[in-house]
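Let me begin by presenting the structure, written as structure tokens, before commenting on it.
Each chain gets a letter, A, B and so on, in the order the sequences are listed, and its residues count up from 1.
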Number of protein chains: 2
Amino acid sequence: MKHEKAAAQLEALGNPTRLKIYRILVRAGEEGMSVGQVQGKLGVPASTLSHHCKRLCETGLVSQERQATTLICRANYPAMQALLGYLADECCADGTCPPVMRTRAP
Amino acid sequence: MKHEKAAAQLEALGNPTRLKIYRILVRAGEEGMSVGQVQGKLGVPASTLSHHCKRLCETGLVSQERQATTLICRANYPAMQALLGYLADECCADGTCPPVMRTRAP
DNA sequence: CTCATATTTCGACTTTCTTAGAAATATAAG
DNA sequence: CTTATATTTCTAAGAAAGTCGAAATATGAG
């Protein structure tokens, strides 16, 4: 993963409201959840929620699919896996950091 | 880990300059690296660097130790472990998300 | 004490983010 | 076509972040 993309995803998750949205979507599983359902859980105005969902989509952490008038949002699990992998491995690519940080052999 | 703390750490790593700093520190290992050494690697002004190091410290991702006039910065590996654990597990605490996301049994 | 080095604090500026109401758009139902 | 629902776009305002030069501080050396 490129550093810029990782930074963008980390920044996206760094906003408390967006982290809540993302947590809700992760827990919603493959089925996903509509923007309106997320709004019901969070209680933020629709325009604010739309803005944050867009941000999450732009980073690739979330995907969207239209179903009639509702928009289904889903956590992009492979993207999350890639980000976790970046944090765990890319930062320690040269093997000089403590073994506890590495998930791959040096 | 509390959500607010996780968000603060994610936001801290979300800035490209800070992510670079953090990567440098992670690779520096337990020995750490002085602010000046980091500056030599990144080429950002001292005041900017100081600002970012402070932010990283405030979130707990980095620790500092004075050695005479130089300040040694070190990546806080347990903090990183906790953040990775948060992303991998806390978001999936109720076990409804796909198994690929879980590191603990439901 | 004075000097030199390392780092921080201050101050100012510009940019970006966050928020949310109002209006616009999209889609389906009747 | 009209209506109803879901979501986005527009717009604006204040808050926060990022940057960096200049000045201040801290520590040790001579």
Using the rule side-chain contact (heavy atoms from CB on, under 4.5 Å), only one of A:Asn76, A:Leu13, A:Ile21, A:Val26 pairs with A:Leu61; which is it?
A:Leu13
Check the distance between C:dT19's P and A:Leu42's CG and give it to me in whole angstrom.
11 Å
Distance test, side-chain N/O of A:Thr69 to OP1/OP2 of D:dA6, below 4.0 Å:
no
Quick one: is C:dT19 close enough that its OP1 or OP2 comes under 4.0 Å of any side-chain N or O from A:Thr17?
yes
Please check if the side chain of B:Tyr86 supplies one atom and the backbone of B:Lys2 the other of a donor-acceptor pair under 3.5 Å.
no
What distance separates B:Lys54 NZ from B:His51 NE2, expressed to the nearest 0.5 Å?
8.5 Å
Go through residues 5-15 of chain A and report each residue with a non-hydrogen atom lying under 4.0 Å from DNA chain C, sorted by number.
A:Glu11, A:Asn15
On DNA chain C, check which nucleotide each of A:Ala68 and B:Val35 is closest to and give me the residue with the more 5' one.
B:Val35
Out of C:dT27, D:dC20, D:dT8, which has the shortest distance to the side chain of A:Ser50?
D:dT8
Separation of B:Lys41 NZ from B:Leu25 CG (nearest 0.5 Å):
10.5 Å
Tell me: CD of B:Gln39 to C1' of D:dG21, nearest whole Å?
13 Å
If I take atom CG in residue A:Leu71 and atom C1' in nucleotide D:dT8, what distance separates them, rounded to the nearest angstrom?
10 Å
Is B:Thr70 touching bases, backbone alone, or none of the nucleic acid, heavy atoms closer than 4.0 Å?
sugar-phosphate
Counting only side-chain N and O atoms of B:Arg18, is one of them less than 4.0 Å from OP1 or OP2 of D:dG18?
yes
What integer distance in Å separates A:Leu49:CG from D:dT9:P?
13 Å
B:Gln64 CD to D:dA26 C1': how many Å, rounded?
14 Å
May I ask you to verify if any side-chain N or O of A:Ser47 is less than 4.0 angstrom from the OP1 or OP2 atom of D:dT8?
no
Under 4.0 Å from OP1 or OP2 of D:dG18: is there any side-chain N or O of B:Arg55 that close?
yes
From C-beta outward on B:Arg66, which listed nucleotide comes closest to its side chain: C:dA20, C:dT9, D:dT27?
D:dT27
First locate atom NE2 of B:His52, then atom CG of B:Leu42, and finally report the distance between them rounded to the nearest 0.5 Å.
9.5 Å
I need the CD1-P distance between B:Ile21 and D:dT19, as an integer number of Å.
9 Å
So which heavy atom on A:Glu31 is nearest to which on A:Ile72, and how close?
O-CG2, 3.7 Å
Pair listing, salt bridge (charged side-chain N to carboxylate O under 4.0 Å, His left out) test, anchored in residues 69-88 of chain A, at least two apart:
A:Glu65-A:Arg74
Pick the nucleotide of DNA chain C nearest each of B:Ile72 and A:His51; which residue has the one closer to the 5' end?
B:Ile72
Let me know the distance between CD of B:Glu58 and C1' of D:dA16, rounded to the nearest Å.
14 Å
Whole angstroms only, please: what is the NE2-P distance between A:His52 and D:dT9?
15 Å
Rounded to the nearest 0.5 Å, the CG atom of A:Leu10 sits from the CG atom of A:Leu87 at a distance of 5.5 Å
